[in-house]
Every structure is written in C-alpha cells, then in structure tokens.
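In what follows, a structure is listed as structure tokens, so that the remarks can point back to it.
Quick caveat: nothing in here was measured; it's all calculated off a predicted structure.
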Amino acid sequence: MDGMSGPYVVRGSVSLPEAELMWRFSRSSGPGGQHVNTSDSQVELRFDLAGTTALPEVWKERALERLAGRLVDGVVAVRASEHRSQWRNREAAAVRLAALLAEATAPPPRPRRATRIPRGINERRLRQKKQRSDTKRGRSGRDWT
C-alpha cells in the first residue's frame with residue numbers, strides 16, 4: 001500500500017521508520033453498511049519502543065518511563081477505527097502514535113522559581129476584603145428598630 005504520507009515525524013529531525021512499525025488489521029465496529037463485514041478496516045499500530053534505534057537514547061528512556069502504564073513488553077500500541085477506510089485509519093493511527101511519542105519524549109518543564117508577593121498587593125487585597133466585609137455587615141438589619 002503505497003501513497004502513505006510518511007515518514008511520521010516525532011519531533012525535529014526524528015521520525016518513525018516504516019520498517020519498525022507493526023500493523024495489524026481487524027474488523028471494525030461502527031458504521032460501514034454492507035461493506036463492514038467484509039473489510040478489515042480497524043488498524044492497530046505497534047511500535048517496539050524498548051528495541052528501537054530511531055529515537056535518541058535520552059528520549060527513549062524518557063518515553064519508557066512516561067508510557068510505562070501503556071507498554072506491553074516495551075511495545076506501545078495505538079488503535080484507530082473511526083474511519084470507514086483502512087487507509088484513513090492507518091493515517092490516523094500513525095499520526096496518533098507520532099503525537100504520543102512527541103509528548104512522551106518532550107523535555108521536562110523548567111522548575112518554577114519561587115517569588116514573593118509584593119507587600120502592597122497583599123495590603124490592597126486585605127483592605128478590599130475588609131471593605132467588602134463592612135458592606136455586607138451593614139446589610140444585616142440587626143440594629144434597625
């Protein structure tokens with residue numbers, strides 16, 4: 001099946017090699033009419049994350065750690081069955097896998113630098129709270145006779 005819009009870029013110059021992608025096709029549930037029982041349009045795409053050489057070592061370690069919950073023997077699987085055609089499901093699965101790996105290999109966010117709230121801002125907030133409290137207390141009709 002040629003004409004796929006690969007290679008699937010994970011991030012930067014790193015992309016998923018077609019040779020390391022394992023495809024499996026099965027009958028899909030959902031729409032399809034009379035065509036649905038005869039065509040294997042559901043796609044399962046598997047990628048051996050633990051054994052790949054396509055990703056830099058640092059990225060691979062990061063992805064293995066972050067995706068630990070979805071890995072089976074170091075292999076990550078993505079399924080697509082939302083389209084009626086197998087070709088479109090293949091596209092969807094490959095794009096989903098690339099996005100998953102891009103997120104899993106992203107560098108960790110920078111640690112937040114603690115900052116102090118300026119005294120003026122704090123005082124203004126407390127003054128407004130006091131004013132609001134006085135306004136509300138003035139609404140209760142306790143001392144009206």
Exercise for the section: For atom CG of D134, decide whether the heavy atoms of other residues, nucleotides or ligands shown that lie under 6.0 angstrom number more than 12. Expected result: yes
Exercise for the section: Might you confirm whether atom CD of E65 has over 12 heavy atoms from other residues, nucleotides or ligands at distances under 6.0 Å? Expected result: no
Would you compute the distance between atom [atom1] of [X] and atom [atom2] of [Y] and round it to the nearest 0.5 angstrom?
| X | Y | atom1 | atom2 | result |
| --- | --- | --- | --- | --- |
| L100 | F47 | CG | CZ | 11.0 Å |
| K129 | L126 | NZ | CG | 7.0 Å |
| F25 | L45 | CZ | CG | 9.0 Å |
| Q128 | R125 | CD | CZ | 9.5 Å |

Practice task
Please list, chain by chain and in numerical order, all residues satisfying side-chain hydrogen bond (donor to acceptor under 3.5 Å, both in side chains) with E103, sequence neighbours excluded.
Solution key: none
Completion exercise
Closest heavy-atom pair, D48 versus G74, reported as atoms and distance to 0.1 Å, is OD1-O, 3.4 Å
Problem - A50 to K60 - nearest heavy-atom pair and separation - result: O-NZ, 3.3 Å
With side chains defined as the heavy atoms from C-beta onward, is the minimum distance between [X] and [Y] less than 4.5 Å?
| X | Y | answer |
| --- | --- | --- |
| P108 | R66 | yes |
| N89 | Q86 | no |
| R139 | T135 | yes |

In terms of hydrophobic clustering (I, L, V, M, F, W, Y; side-chain heavy atoms under 4.5 Å; direct or indirect links), are [X] and [Y] co-clustered?
| X | Y | result |
| --- | --- | --- |
| W59 | L21 | yes |
| V75 | L101 | no |
| W23 | V76 | yes |

Exercise for the section: Kindly say whether R46 contributes a backbone atom to a donor-acceptor pair with the side chain of R24 at under 3.5 angstrom? Expected result: no
Practice task
Using atom types as modelled and distance alone, determine if a side-chain donor or acceptor of R96 lies under 3.5 Å from a backbone N or O of R79.
Solution key: yes
Exercise for the section: Under the side chain to side chain contact (heavy atoms under 4.5 Å, CB included) rule, what do V78 and R70 come out as? Steps first, then yes or no, please. Expected result: CA-CA 10 Å; V78 173; R70 352 180 5 154; 4.2 Å; yes
